[in-house]
Amino acid sequence: LASNGRLFVLLVLKDTLEKRGALGQIKARIRAEVFNALDDQSVPRPPLSHENLLINELIREYLEYNKYKYTASVLTAESGQPEVPLDRQFLAKELNVVEDTNAKSVPLLYGIISHFLHGGKEESTQNILPRMSLLSYPKQNLGKPPTERNQK
């Protein structure tokens, strides 16, 4: 009978943590800590190419903006990305991105996606990313998980 009571308490606790969104964060934190514990630092990583450095940085900026901090920490550790993020202006310059004021408040990845989704088709064949605007991305949606964003 006592074990049934403990089981009930654990189930209620699990349900409460799930409803608060904390259970997913706890699981992500455990995965990150396990990865860090198992990561063999004695095995050298292959050199990080310039392209991979930029791609990883775009992904890290996106992950951190959306509060996926444990995922970002695993990406940084696993990829060999520098601990200190690259300067955003440096990234924009390297990618030939000219941002408007709205675009600077969100990760560069949103602007790149917006550019290719909304009319940048002719420039994309020349690998040129001209001016990017995020007017089509309501700011109230950008911090929310994709499932909670307004569908267009």
Practice prompt. Enter the distance from Asp15:CG to Arg20:CZ here, rounded to the nearest 0.5 Å.
Written response: 11.0 Å

Worksheet, complete the sentence: Residue set satisfying side chain to side chain donor-acceptor pair (under 3.5 Å) with Glu61, at least two apart, ordered chain then number -> Arg88

Below 3.5 Å, can you tabulate the donor-acceptor pairs from side chains in residues 69-78 to any protein atom, sequence neighbours excluded?
{"residue": "Ser73", "atom": "OG", "partner": "Tyr70", "partner atom": "O", "Å": "2.8"}
{"residue": "Thr76", "atom": "OG1", "partner": "Arg60", "partner atom": "NH1", "Å": "3.3"}
{"residue": "Thr76", "atom": "OG1", "partner": "Ala72", "partner atom": "O", "Å": "2.9"}

Worksheet item: Between Glu94 and Leu86, is any pair of side-chain heavy atoms under 4.5 Å apart?
Response: no

Worksheet item: For the atom pair OG (Ser105) and CG (Asp100), what is the distance rounded to the nearest 0.5 Å?
Response: 9.0 Å

Worksheet item: How many angstroms lie between atom CD1 of Ile113 and atom OH of Tyr62, to the nearest 0.5 angstrom?
Response: 10.0 Å

Item to complete: Taking the side chain as every heavy atom from C-beta outward, state whether Leu91 and Val97 have any atom pair closer than 4.5 Å.
Response: no

Fill in: 4.5 Å side-chain heavy-atom contact, Leu11 and Leu7
yes

Worksheet item: If only atom types and distance count, is the side chain of Gln81 paired as donor or acceptor with the main-chain N or O of Leu53 below 3.5 Å?
Response: yes

Practice prompt. With sequence neighbours left out, write down each residue that passes side chain to side chain contact (heavy atoms under 4.5 Å, CB included) with Ile55, or none if nothing qualifies.
Written response: Asn52, Ile59

Item to complete: Starting at NZ of Lys14, measure out to CG of Leu17 and round the result to the nearest 0.5 Å.
Response: 9.5 Å

Worksheet entry | Rounded distance [0.5 Å steps], CG in Leu95 versus CZ in Phe90 | 9.0 Å

Worksheet item: By side chain to side chain donor-acceptor pair (under 3.5 Å), which residues pair with Lys93, not counting sequence neighbours?
Response: none

Would you be so kind as to tabulate the donor-acceptor pairs closer than 3.5 Å made by side chains of residues 21-30, with sequence neighbours excluded?
{"residue": "Arg29", "atom": "NE", "partner": "Glu33", "partner atom": "OE2", "Å": "3.1"}
{"residue": "Arg29", "atom": "NH2", "partner": "Glu33", "partner atom": "OE2", "Å": "3.0"}

Worksheet entry | Any donor-acceptor pair under 3.5 Å from Asn66 side chain to Tyr68 backbone | no

Worksheet entry | Residue pair Leu48 / Asn56: nearest heavy atoms and the distance that separates them | CD1-ND2, 3.7 Å

Worksheet item: Under the side chain to side chain contact (heavy atoms under 4.5 Å, CB included) test, which residues partner Val12, sequence neighbours left out?
Response: Phe8, Thr16

